[in-house]
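Have a look at the structure below before the remarks.
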Amino acid sequence: MYVDNGKISGRQTFRLYVFDLMGIATLLLPPYLARLCGCDGIWAIIIGSGTGFVYLLYLGWIMKKMGQDMLAYLKEQKSRWIRYPVLSLVGIHSLITAGFCACVFTRLMQHSLIREVSYEVILLVIVVVAAYAVSGGLECRARVYEVLFWFVLIPYVGMMLASLRNFETAYAASFFTAETGNLLKGIYLVFLLVTPLFFSLFLIHEKGKKYGSMIKSVAGALLLTAIILLGSYILLIGNFGANSLKTMRFPVVTLMSTIQFEGNFLKRMDALMVAVWFFTLFALLNLHLHYGVKMGRELWKKYEKARIYKGCTLFVPAALVCAVAYGMEYWEGGLDLFLKYYSYVAMPLMVIGPGLLLIGGKKA
Amino acid sequence: MKKSIKKGLCMVLLGSCLLQLTACAKTELEERCYPLLAVVDYDEDANQVSFCAGFPRADNSGGSTGQTAELQVSTASEKTFETSKAEYEKNLNKVPDYNHIKVLVLGEDFVENEQAYEDMLDHLSLTEEFPRNTYVCMVEDVEELLEIDKNLPQDLGTYLEEYLGNHEEKKNRMLTLGDLIDEKENKTLVLYAPYLIPEETYVEWGGYYAIGAGMPPIDFE
Amino acid sequence: MNEKKQPITINIAENEAGMRRVFSHCDDLKIRKMSVGANQKVQCLICHIEVNMDNMMLIALGRLLSYLENIPKEQIGFEVKNNAFGLSDATPFSYIEDAAAALLSGDAILFVDGADVALKIPAKGYPNMGVGESDTEKVVRGSNESFTESEKANTALIRRRVRSTRLKVKEFKVGIRSHTNVAIVYIEDLADPELVEEIYERLTAYEIDGVLDSGVMEQLTEENWASPFPQMQSTRRPDRAAMSVLDGKVVVLVDNSPLALLLPADVNSFLKTTDDYYNRFHMATFARIIRYVSAFFALTLPGLYLAVTNFHTQILPTPLLLSFWQARMGVPFPAALEVLLMELSFELLREAGVRLPGAMGNTIGIVGGLIIGQAAVDANLVSPIVVIVVAFTALCSFAIPNEEFAFSFRILKFVIIGLSAWLGFFGFLIGVFGVLVHMAGLKSFHTPYLTPYVSPGLNGYQDEKDAIVRFPLRMIWKRPIYANRYERTRLKKKEK
């Protein structure tokens, strides 16, 4: 019989990570890359994804050393003076990033589907549904995306292939023109978007076993995402041109509006195709909210038996996500501050932090 | 006490949801009108941009109630494309939904006025009101083109879409609004806008009009 | 399966033990002891499936008793062996297992002390038991029999299809006042023993006055009682129940209820029919695709219509949009209210049709659907497009084979309508995603509701072969995930 043990299969891990990585990468990255590197953005994607694989290998090495998932490792090997701050940091980071995802998600929905409805209402609806999804646990989330996988991927790839019809080779012909500094920035940007890989440290695996197959699944997801991102970027450049691409807000959605099939019953499919980013952004938002809630529950585990424990540990993080997303929308400079935080604080911590945890501080 | 608080909270939530429902800004289908054609020109003497739209006829809307779908109002002229379009919309009795625009007709004078032309593209790329795959064509005198609308068996927008589609070749697709918007930024390609000559009951193919690549527009036979 | 056979001996106690061993945990097997012969000194046993005691068998027994009346004990063994008590069509068996097989065919078996053979007393096999045709779950190909309201008869209907001594029937009573018979039917080596135990525990977890239908048991035992989705599959078809036990499922029968409960259930089992397995795989797959698509539209079509016409008209081709636009002219209600009213009217018609006797039910359908519908359109109360949308949605919901499952879609359709009317396609997506999340969190006796679309790797990706696409039968060689993990092979080619 099935058991509720918080473990997910290799296929679920693969599909979950494809959703986590693909949505925001295809939606936000192209205009930034076009601004920094133009056509050379493809090198940034290739090298950035390559560094992602290196990061994943590093995480695999850490998992091997830990021999278990990070929560269990912290519980068994570290004193509370290390465990609590680490859990707090991961929790806060998860919630801030979830807020960013919620903000992008809300903006996309407002921009592409319902311009008349206010930002707050959309945000609230999104966070409530995300909290509901999180309440089902990791397995529930994994099942949703396992089912949705082909329904999202096939239309997306199909539409992308259909956009080849409008591909203008003259737009995608100026390579090796980007400055080295900008190219490096582009690579870093791509690398930033693969950092949800960090959370693979928290996927439960049996002591000393199975982390290898999990890493393989995550690597597969990273590879597929890199291919999709690369393909999408080339098509966007070829369809719009780098200069036009950099002025666009959500170019990949705009691309969907330009594709027409001859004799097709549906006239324009951009509204329908927004579903791709609806599901993928939800995946990323859920991922971060899930870990925000999980860390909170670990930190306040002593109140586990209280009646309001489950409700509070879900409601408070969800409210915080709303607050962060609201701040990013209405506080000028909020988004910039987030990008700075992510680039200069979160990213280095996610790289160095796990390594630091391996040394010293063993529980007596 | 606790129960009453819960009930109260539920009522507030329900009420706010209902409020949201009723305050929803959506417009019903029948309260909107659907332009199929947009015509933009520039009057050099008055230094004004003119805008007008073409609507479907009752007969090709598939209805049988005899209500006309035509909402033609006279052309609005203002300083910019944006203001003239807004002025035009004010005169309509329904909310325009530009999602079904098939053809955007630009007057030659308008395209030659770089400022007015770029303003229009800026506005359309920002608002994304018109579909990017709307066909674009050019005429010398938009008034002449609008005149033939009365003599056509169908609305001008559908007629022009079919006409331009008929001239489209597989390798050389017809110019669209998206191409104009992109090329405004890219300045890489030379775009060829179909140039039409309105006759009494039909339009005649007048060749192409070259736009873009940072060059001044050229009349291209 | 190639166990050594137990020979029938002259010791009747040994033979009885042998039969009880073979039919252990089969509460529908009846073993009756009798004393016959001169001075009633000879013991004999009559074994039969509970409901199979028919007139013919009683006549045979009468003849037997009168034949034995004056025969001394020493001679009885000889009489049995050589004359079969004068019953011309009685067959002797020398092994317990052979006798058991004959018993499962619907005949009675007679053991007599002192005789090392058992006699098959022929009956008509499994009697008809007033079995009727199934009104619901109709199939084009396959059995048309339906369960009756007797739990005993229903058990026999399953046993008739699965004539195995491993088919176990666990009977118990539920209801402190009604004392209703409940039977758990499963195949010993195929069903997960933990599952059987848990089902029994859950079925007996409540003290209740009376259980008058299997629906009561269903509601008391399901894990998520707030969910609109049924977590147990109900069926009126004995062949479906038999197929389920062969898959490793457990069937719950409740006396006075013509519906059997099949456990555990998953989303795929609600969209399958028995003739999917009787027809060729092309036909079965096509039918399943139709059902899945129907289920999707039964849930979403009215919502999608509202989202598209009120918010995202760019999706529609212009002539179609203008046709919708023209149709909406003069309708006094907002589109959302119009759809809601039409959907409610349809539900009203359906409810009225169900409660009325057959012929009148049809009349209600015609009056409601055609006359009122046409009149409403003529009076410009609703637009013809909405009538088409609602009718198509209804058609889709009828294509779902399971009534309870279809009902959950019909209920949730209103949520999607509300969300789509409020937030357009965004609301629509929120609704669909919410339903999916809810289904992903549901479990039926520990089996995820979205099985076999989730974690198929646990069963070597075999369950996916019997999902929306039904692979050729010769490729579905494994039982589903909920079957006992040591008995997963259900099909293999015979070795030559």
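Chain letters run A, B, ... following the sequence lines, proteins first, then strands; residues in each count from 1.
Checked by atom type and distance alone, the side chain of A:Asn166 never pairs as donor or acceptor with a backbone atom of A:Ser163 at under 3.5 Å.
Just one of B:Leu180, B:Val142, B:Asp41 meets the side-chain contact (heavy atoms from CB on, under 4.5 Å) condition when paired with B:Leu106; it is B:Leu180.
For chain A, no part of B:Thr134 is nearby; none of its heavy atoms comes within less than 4.5 Å. Contacts between A:Arg115 and chain B at a heavy-atom distance below 4.5 Å involve the side chain alone, from C-beta outward. Proximity to chain B (any heavy atom under 4.5 Å) is shown, for A:Ser257, by both the backbone and the side chain.
Salt-bridge annotation for B:Lys85 and B:Glu89: present, with a side-chain N of the basic residue lying under 4.0 Å from a carboxylate O of the acidic one.
For the set B:Asn133, B:Asp179, B:Thr176, the entry with the most heavy-atom pairs within less than 4.5 Å of chain A is B:Asn133.
Taking the six-membered ring wherever Trp is involved, the centroid distance between the rings of B:Phe81 and B:Phe51 falls below 6.0 Å.
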